[in-house]
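Not measured: the values here are computed from a predicted model. One-based numbering along the sequence shown.
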Amino acid sequence: MIINSNTHTFIQNSNNKINSLSKESNKNEENKISDEEPVIQARNEYESESDKRRALHTAYYSKVNEENKKFANPYAHISDKYYLPSSPYYIEGLTRQERRIASGTEIEYLNLGASGINYGDPIFRGMGPLYGDVEVAKEKAYNRQAVNEQFQQLLDSNNIIIPQNTKLRFTIDPNDYKVSVRGTEDLEMKKVLEELLDKENAKGLFYHIISSRSDDSMQYSHEKFSRFNLIREMQDITGYNLRDLDIVDGKFVTNEGTDIFEIYSKNVRDSDSIPEFSKKYMISSYGKDLYELAQNGFNSVPDLILSIDYENNSFYDVGQSENFGTGQTQWIEQLKASKTDEFIYV
């Protein structure tokens with residue numbers, strides 16, 4: 001590799017081999033990863049259509065509640081507004097269902113200062129129905145765009161340029177969040193990208209892949225995730241990694257012969273940071289998972305190794321029908337268009 005500057009530019013030649021070229025500079029400076037890297041976030045702050053409607057609902061009924069309380073008998077005033085046509089406050093043009101919803105909401109606000117939300121409320125007229133699966137898909141697409149931008153920030157802050165139409169696959173080992181890169185024969189490019197995605201950034205990408213999965217994912221399974229989660233939980237609470245322990249008489253035991261479940265249970269009970277109401281559930285739930293894994297064998301369920309593709313400034317999902325990569329989200333609008341006009345969002 002010819003060293004020219006602090007910029008890593010990876011160029012594909014006619015033989016489809018990736019060569020790395022840069023301007024002359026100190027090689028140590030060239031390979032230095034920025035100390036102030038943006039962190040890849042699995043989930044990012046997102047305001048859904050449901051959130052917007054909840055905010056509208058709260059603002060509207062909070063104001064109406066204050067107006068209602070100005071009347072000598074607020075309950076009678078609410079009733080007159082919705083059910084007494086001769087009242088000067090009567091609201092015209094509502095359906096029977098809308099009157100029931102709106103009056104019930106105003107009474108709840110009067111009694112409790114808050115209320116649940118019903119998307120059949122007349123204040124949402126003309127906004128169209130909400131569908132749970134569509135809203136979830138939109139949020140996943142939003143998070144993908146955010147992760148794409150965060151990864152680009154990582155590349156930019158470290159002066160790394162990946163050429164267009166270079167398709168890479170990032171694979172993450174759940175045991176140490178180590179990333180391996182495939183799709184290039186250029187070992188320098190591979191090394192730089194793997195170093196760029198250090199443990200915290202790789203962890204963020206790992207959980208982003210999980211949160212982007214669809215029901216037919218070929219990578220993810222409940223069994224794999226449960227095993228991964230159990231290993232993480234045991235290490236967080238006890239300091240022991242299950243893969244380093246022996247299984248004796250159907251139990252994971254330390255070198256000293258202590259049942260890891262005993263250590264886990266004691267540490268949970270003695271913890272000041274775990275709410276009391278959660279302790280019994282945690283011990284019971286993780287104890288059951290621990291017992292089953294010990295009975296079946298540590299390697300009875302594969303590791304939750306996850307991959308995601310990258311090309312032209314976007315990540316793309318692997319092994320599933322739903323893709324949230326750039327230019328691959330048309331199916332979300334098609335899904336919405338296939339729905340009926342009924343409100344089915346809960």
Side-chain angles (χ1 to χ4, degrees), residues 35 37-46 136 139-140 143 147 150 170-180 194-195 197-213 215 217-308:
D35 292 333
E37 298 169 321
V39 176
I40 293 177
Q41 302 290 330
R43 294 180 180 272
N44 298 270
E45 187 173 346
Y46 173 73
V136 168
E139 183 172 1
K140 288 181 179 180
N143 277 301
V147 168
Q150 289 160 2
F170 294 81
T171 300
I172 306 172
D173 186 323
N175 298 301
D176 53 11
Y177 299 113
K178 185 176 181 180
V179 175
S180 61
E194 290 175 350
E195 288 179 354
L197 285 168
D198 58 12
K199 183 174 181 179
E200 289 306 310
N201 285 311
K203 184 177 180 180
L205 186 58
F206 179 83
Y207 279 101
H208 173 69
I209 297 172
I210 290 177
S211 64
S212 301
R213 73 186 185 279
D215 291 340
S217 172
M218 297 176 65
Q219 299 190 97
Y220 178 96
S221 71
H222 174 72
E223 292 76 18
K224 288 181 182 180
F225 181 78
S226 292
R227 177 178 178 272
F228 159 75
N229 196 41
L230 177 64
I231 295 170
R232 178 199 57 78
E233 175 73 5
M234 291 300 124
Q235 187 153 19
D236 287 349
I237 300 296
T238 71
Y240 287 94
N241 190 321
L242 291 183
R243 67 179 59 254
D244 298 330
L245 303 182
D246 293 326
I247 299 177
V248 179
D249 296 330
K251 300 175 183 178
F252 286 94
V253 297
T254 66
N255 290 337
E256 295 75 25
T258 305
D259 183 353
I260 194 66
F261 181 61
E262 292 180 7
I263 300 175
Y264 176 78
S265 300
K266 182 180 185 303
N267 289 356
V268 169
R269 292 192 186 98
D270 293 345
S271 174
D272 294 328
S273 62
I274 300 174
E276 288 298 324
F277 65 84
S278 297
K279 292 180 178 180
K280 185 176 180 180
Y281 172 79
M282 290 173 61
I283 293 171
S284 173
S285 178
Y286 284 110
K288 178 177 178 294
D289 292 343
L290 192 64
Y291 174 79
E292 290 181 355
L293 186 61
Q295 291 295 313
N296 296 329
F298 181 78
N299 294 316
S300 59
V301 177
D303 284 330
L304 184 62
I305 296 172
L306 299 177
S307 296
I308 192 166

Atom CG of Asp215: over 12 foreign heavy atoms under 6.0 Å: no

From CD1 (Ile247) to CZ (Phe298), nearest 0.5 Å: 8.5 Å

Between Val268 and Met282, the two heavy atoms sitting closest are CG2-CE, 4.3 Å

Leu230 side chain near Glu292 side chain, heavy-atom distance below 4.5 Å: no

With no hydrogens and no angle check, do the side chains of Thr258 and Glu256 hold a donor and an acceptor under 3.5 Å apart? no

Side chains of Tyr286 and Asn229: do they bring a donor and an acceptor to under 3.5 Å? yes

Would you give the length of the straight line joining atom CG of Asp259 to atom OG1 of Thr254, rounded to the nearest 0.5 angstrom? 9.0 Å

For Tyr291 and Phe261, run side-chain contact (heavy atoms from CB on, under 4.5 Å): C-alpha distance rounded to whole Å, both residues' side-chain angles, the deciding distance at 0.1 Å, then the answer. CA-CA 9 Å; Tyr291 174 79; Phe261 181 61; over 6 Å; no

Please evaluate residues Tyr240 and Met234 with respect to the criterion side-chain contact (heavy atoms from CB on, under 4.5 Å), reporting the C-alpha separation (whole Å), side-chain torsions for both, the decisive distance (0.1 Å), and the verdict. CA-CA 7 Å; Tyr240 287 94; Met234 291 300 124; over 6 Å; no

For Gln219, the option from Thr171, Ile209, Ile308, Ile305 that meets side-chain contact (heavy atoms from CB on, under 4.5 Å): Ile209

Take Glu262 and Lys266, measure what salt bridge (Lys or Arg N to Asp or Glu O under 4.0 Å) needs, and give me the verdict at the end. CA-CA 6 Å; Glu262 292 180 7; Lys266 182 180 185 303; over 6 Å; no

Does the Lys140 side chain pair with the main chain of Arg213, one donor and one acceptor, at a distance under 3.5 Å? yes

Within the distance-only criterion (no hydrogens, no angle test), does the side chain of Asn201 pair as donor or acceptor with the backbone N or O of Ile40 below 3.5 angstrom? yes

Answer yes when Glu276 and Lys279 have at least one side-chain N-carboxylate O distance shorter than 4.0 Å, and no when they do not. yes

Do Asp173 side-chain atoms and Asn175 backbone N/O form a donor-acceptor pair below 3.5 Å? yes

Specify the closest pair of heavy atoms between Gly250 and Ala294, including all atoms of both residues, with the distance to one decimal. O-CB, 3.3 Å

Report the distance from atom CD of Glu233 to atom CD1 of Ile237, rounding to the nearest 0.5 Å. 5.0 Å

Looking at side-chain heavy atoms only, is the closest gap between Val301 and Asn296 below 4.5 Å? no

Mind checking the NZ-NZ spacing from Lys199 to Lys178? Nearest 0.5 Å is all I need. 13.5 Å

What class does the angle between the rings of Phe225 and Tyr220 fall in, given that below 30° is parallel, 30 to 60° is tilted and above 60° is perpendicular? tilted

Under the side-chain contact (heavy atoms from CB on, under 4.5 Å) criterion, do Ile231 and Asn241 qualify, and how do the steps go? CA-CA 7 Å; Ile231 295 170; Asn241 190 321; 3.9 Å; yes

Look at the side chain of Ser271 and the backbone N and O of Asn267, then say whether any donor-acceptor pair between them is shorter than 3.5 Å. no

With rounding to the nearest 0.5 angstrom, report the CD1 to OG distance, Ile283 to Ser278. 11.0 Å

Has Ser285 got a side-chain atom pairing as donor or acceptor with Tyr281's backbone, closer than 3.5 angstrom? no

Backbone N or O of Asn44 within a donor-acceptor pair of the Asn143 side chain at under 3.5 Å? yes

For the atom pair CG (Asp270) and OG (Ser265), what is the distance rounded to the nearest 0.5 Å? 10.5 Å

Considering only heavy atoms from C-beta outward, does the side chain of Leu306 approach that of Pro174 to under 4.5 Å? no

Parallel, tilted or perpendicular for Phe228 and Tyr177, by the 30°/60° rule? perpendicular

Donor-acceptor contact below 3.5 Å, side chain Ser284 vs main chain Lys280: no

Check against side-chain contact (heavy atoms from CB on, under 4.5 Å), Phe206 and Leu304: CA-CA 10 Å; Phe206 179 83; Leu304 184 62; 3.9 Å; yes

Inspect the contact between Glu223 and Arg227 and indicate whether a charged nitrogen and a carboxylate oxygen are less than 4.0 angstrom apart. no

